[in-house]
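Written out below as structure tokens is the structure these notes cover.
Atoms within each ligand, like the ligands themselves, are counted from 1 in listed order. In what follows, every heavy atom counts, from backbone to side chain, and hydrogens, waters and symmetry copies are set aside.
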Amino acid sequence: MPQLLDGKTALILGVANKWSLAYAIAQAFRREGAKVILTFQGERLKQTVEELGAEVGAAQIFECDVTKPEDLARLAELGRLDVVVHSIAFANREDLSRPFVETSRDGFLLAQEVSVYSLLSVARATAPLMTDGGAIMTLTYLGSTRVLTNYNVMGVAKAGLEAAVRYLASELGEKKIRVNAISAGPVKTASARGIKDFSKILELVSSKAPLRRNTDPAEVADMAVFLASDLGRGVTGDVLFVDSGFHIMGL
Ligand code: NAP
């Protein structure tokens, strides 16, 4: 049986542990025959990500902190790429619990740098490696367009991220590079645990979403497979929801 990502090489940024959405995406990409390269942030995660990389059969694993120019420069030295997954975000924990109006300038800029600007830096470093076109994708959340309690500074970052997806898609389209965002429903990961009262969000979503359940990371990963594969060849600049349909609900 031919696999959907046969012959494709994918760079995946943002595996921290086995709960990371990026890890589910790496597993699905391998299942579909892709060669996978993983990055991790900082020595602290080296051993865990190396173990996960071995489990999933990653071809290469290296450190990349997206705020460090020398690490970003390393991306540009990779060989030919077909797919890049940007699954990275960060905000200070206190900015995800105190009133939004109290967000510090430093906290605001940090969230923008790691969660938004990094998509541009990564695209700039890797687009030249996509010599036969490709797919860049990032992960976003409904807090970009709706006010979700405590999401605060990260909601503004996700709004910026989705706008960045559109501008990048418009520029890179002529190189046959598609740029999209997957808007995932809430999933209990390390990042999500930083959001105050996250378990209440999970309860609410599973009771109100059309499918009456929370999002399985494997569902997000299958959307990533679609975008990475030729099946997604006509889709760019878009935000695709994998959230049990929660985003359509009003009262
Ligand atoms: P996660 O496992 O904590 O992944 C976030 C990743 O970002 C971690 O690997 C983290 O590394 C990395 N990161 C943070 N700062 C970085 C930096 N300076 N350089 C490189 N990497 C950095 O959580 P996740 O939920 O899978 O998050 C992945 C993406 O999905 C994020 O964009 C998130 O906003 C988005 N998303 C998540 C949900 C959800 O409910 N979980 C829903 C919608 C969208 P460290 O652990 O070392 O900081």
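Remark: the backbone N or O of Phe246 is not paired with any side-chain donor or acceptor of Ser244 at under 3.5 angstrom. The backbone N or O of Gly107 lies less than 3.5 Å from a partner atom in the side chain of Ser104, making a donor-acceptor pair. Between the side chain of Ser121 and the backbone N or O of Tyr117 there is at least one donor-acceptor pair closer than 3.5 Å. Distance alone, capped at 3.5 Å, places no donor-acceptor pair between the Lys208 side chain and the Gly250 backbone. No donor-acceptor pair under 3.5 Å is formed between the side chain of Asp238 and the backbone N or O of Asn180. Put simply, the side chain of Asp197 never gets that close to the backbone of Ile201: no donor and acceptor are under 3.5 Å apart.
Close approach of ligand 1 to Ala16 (heavy-atom distance below 4.0 Å) involves ligand atoms 8 (C), 9 (O), 46 (O). Residue Arg44 approaches ligand 1 through these ligand atoms, each under 4.0 Å from one of its heavy atoms: 45 (P), 46 (O), 47 (O), 48 (O). When each atom of ligand 1 is checked for a heavy atom of Ala190 under 4.0 Å away, the hits are 3 (O). Less than 4.0 angstrom separates some heavy atom of Ser20 from each of these atoms of ligand 1: 1 (P), 2 (O), 26 (O). For ligand 1 and Pro186, the ligand atoms under 4.0 Å from any heavy atom of the residue are 40 (O).
Within the structure, ligand 1 has Gly185 among the residues with a heavy atom less than 4.0 angstrom away. Using a 4.0 Å heavy-atom cutoff, Gly42 is absent from the residues neighbouring ligand 1.
Here the protein heavy atom with the shortest distance to atom 23 (O) of ligand 1 is Ser191 OG, 3.1 Å. The closest protein non-hydrogen atom to atom 20 (C) of ligand 1 is Cys64 O, 3.3 Å. Protein heavy atom closest to atom 41 (N) of ligand 1, with residue, atom name and distance, is Val187 O, 2.9 Å. The protein non-hydrogen atom at the shortest distance from atom 7 (O) of ligand 1 is Ile88 CA, 3.5 Å. Given atom 43 (C) of ligand 1, the protein heavy atom at minimum distance is Thr140 O, 3.1 Å. Looking at atom 18 (N) of ligand 1, its nearest protein heavy atom turns out to be Asp65 OD1, 2.9 Å. In terms of protein heavy atoms, atom 45 (P) of ligand 1 is closest to Gln41 NE2, 3.3 Å. Looking only at heavy atoms of the protein, atom 32 (O) of ligand 1 is closest to Lys158 NZ, 2.9 Å.
A salt bridge does not link Arg30 with Glu55: none of the charged nitrogens is closer than 4.0 Å to a carboxylate oxygen. A salt bridge is absent between Arg233 and Asp230; no separation between the charged side-chain nitrogens and carboxylate oxygens falls under 4.0 Å. Ion pairing between Asp82 and Arg80 holds under the 4.0 Å rule for side-chain N and carboxylate O. Between Glu70 and Arg74, no side-chain nitrogen of the basic residue sits less than 4.0 Å from a carboxylate oxygen of the acidic one, so the salt-bridge criterion is not met.
Tracing side-chain contacts under 4.5 Å through hydrophobic residues (I, L, V, M, F, W, Y), one reaches Leu227 starting from Val83; they form part of the same cluster. Both Phe29 and Leu21 sit in one connected hydrophobic cluster of ILVMFWY residues. Membership requires side-chain heavy atoms under 4.5 Å apart, directly or through other members. Connection of Leu96 to Leu161 is not established within any shared hydrophobic cluster, with ILVMFWY side chains joined at heavy-atom distances below 4.5 Å, either directly or through further cluster members.
For the 3.5 Å distance criterion, the side chains of His247 and Ser183 fail to qualify, holding no donor opposite an acceptor.
Checked by distance only, ligand 1 and Phe90 stay at 3.5 Å or farther apart across all their nitrogen or oxygen atoms. Here's the thing with Trp19: none of its N/O atoms is less than 3.5 angstrom from an N/O atom of ligand 1. Any N or O atom pair closer than 3.5 Å counts here, and Leu21 shares at least one such pair with ligand 1. Residue Leu45 has no nitrogen or oxygen atom sitting less than 3.5 Å from a nitrogen or oxygen atom of ligand 1, judged on distance alone. Considering backbone and side-chain atoms alike, Val66 places an N or O below 3.5 Å from some N or O of ligand 1.
Contact annotation: for Met154 versus ligand 1, there are no heavy atoms closer than 4.0 Å. Counting heavy atoms closer than 4.0 Å to ligand 1, residue Leu139 contributes atoms from both its backbone and its side chain. Of the heavy atoms in Thr138, none comes closer than 4.0 Å to ligand 1.
Counting only non-hydrogen atoms, the option in Gly14, Ala89, Ala24 that gets closest to atom 31 (C) of ligand 1 is Ala89. Considering Val220, Leu161, Thr189 only, the shortest heavy-atom separation from atom 24 (P) of ligand 1 involves Thr189.
Under the 30°/60° scheme for interplanar angles, the aromatic rings of Tyr151 and Tyr141 are found to stand perpendicular.
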